[in-house]
Amino acid sequence: MKRMIGVLICAAFLLCGGGFALAADQEPIVIGFNLEMTGQVAAYGQAAWEGANLIKDIVKPEVLGRPVVFRLLDNKSDRVEAANAAARLIEHDKAVAIIGTTISGNMLAAGEVCEKNKVPIIGPTTTNPLTTQGKKYVFRACFIDPFQARIAATYCYRDLGAKTAAILSDISNDYCVALGKFFQEQFEALGGKVVSVTYCKAGDQDYSAQLTEIKSKNPDVIYIPNYYTEAALAIRQARDLGITQPVFGADGIATEEFLAIGGSAVEGVQHTTFWHEKAAVTEIGKKYVELYKQKFGQDKEVNVFGALAADCYLIVMDAIRRAGSADPTAVAQAIEDTENLEVVTGPVTIENGDAIKPVVFRVVKNGRWEYSSIVYP
């Protein structure tokens, strides 16, 4: 009996070994990564890269009998660098699909390059509607800004009972300005009044002028749809000035860095975001959370940028498999045809390049992001 078991084990080993050898002999399929590894929003890109590598331990990088390899380029949180990275991944590395960028401004630049070269690119967290508008090769794995801003405005007006609001946007980022505009439209359509709209710029350290105006208007709620550094600094200074009104943010503050910079001043801040580990409903989502905790510690919260990058990997791998080809045009069409695919953050369907996904609400409690609720489209 032992002899028979040994024969079976050897046979299985040879079969597995033969399978790996076959895949290894095939030309690799290259997936490019165009991420913000340095610069203003480096935390987003680094988390996305972390998530993409983590999901490979659950869904092996192999499809159509060929190994899949990653090529990462740092776009330095800069539009020109993002466009250059896309061109290099296509021309030099022969990427069949690109994952990234994590912010919309960079995606607008990189997306133009991909559209011209007919190579699909999918952004984990690029929420500006313009990034996919009129494009055949540009996709996203998240909801869009009009949806999250209108949901936030509705929540502030109806659930918080706010009748007046102030908005502080980063005028140097299309993402921030657009969110403020969508929030104002919805808030005023419901009957509320936006009593102050002020602007800052990325890299600003002093927000006293904007906050003094906001304080003078005494709004019921303050909407700050900026990236994590600027939002955290503004909120700290607001609390120092005695501004106690509730503050609401968008997905751009969904980082550990926001909590670290803001400290106790950001306690109670709420925001709209893509996901929370307590909202894990798919089997692969639960596996991802378990593996993340094993690797990074049980107390570490699963980063949403990493989870969305993992989603992008799963969407691209599924598209290549369904297309039966690594031809970029065929892969792009298969991504567009994605329907009810189970990924880390839940089932996803793609329509006109956009993912149909719910909005999650979170709140800062005791220095951590706590899950609050989820709103489906």
Which residues share a ring-ring contact (aromatic ring centres under 6.0 Å, His included) with Y288, sequence neighbours left out:
none

Counterpart residues, ring-ring contact (aromatic ring centres under 6.0 Å, His included), relative to F182 (two or more places apart):
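So F182 forms no ring-ring contact (aromatic ring centres under 6.0 Å, His included) with any residue.
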
Should the heavy atoms of other residues, nucleotides or ligands under 6.0 Å from CD of E351 be counted, would the total exceed 12?
no

Does atom CG of N352 have more than 12 heavy-atom neighbours, drawn from other residues, nucleotides or ligands, at distances under 6.0 Å?
no

Using 4.0 Å as the upper bound for N to carboxylate O, is an ion pair formed by [Y] and [X]?
X	Y	value
D311	K357	yes
R71	D93	yes
K286	E290	no
R79	D174	yes
E277	K293	yes
K278	E370	yes
K56	E62	no
D204	K201	no
R236	D240	no

Would you say the rings of F183 and F248 are close, in the sense that their centroids are separated by under 6.0 Å?
no

Ring-plane angle category for [X] and [Y], please: parallel below 30°, perpendicular beyond 60°, tilted otherwise.
X	Y	result
Y155	F361	tilted
F33	W49	perpendicular
W369	F258	parallel
F187	Y157	perpendicular

Could you walk me through whether V68 and I31 satisfy the side-chain contact (heavy atoms from CB on, under 4.5 Å) test, starting with their C-alpha distance in whole Å, then the side-chain angles of each, then the deciding distance to 0.1 Å, before giving a yes or no?
CA-CA 7 Å; V68 171; I31 297 178; 3.6 Å; yes

A238 and L211 have their tightest heavy-atom pair at N-CD1, 3.5 Å

Among residues two or more places apart or on two chains, list those pairs meeting side chain to side chain donor-acceptor pair (under 3.5 Å) that have a residue in residues 247-259.
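Qualifying pairs: Q148-D251, Y175-D251.
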
4.5 Å side-chain heavy-atom contact, N366 and R368
no

Does the side chain of E36 come under 3.5 Å of the side chain of N106 through a donor N or O and an acceptor N or O?
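Yes.
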
Rounded distance (nearest 0.5 Å) linking atom CD1 of I214 with atom CG of L168
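It comes to 5.0 Å.
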
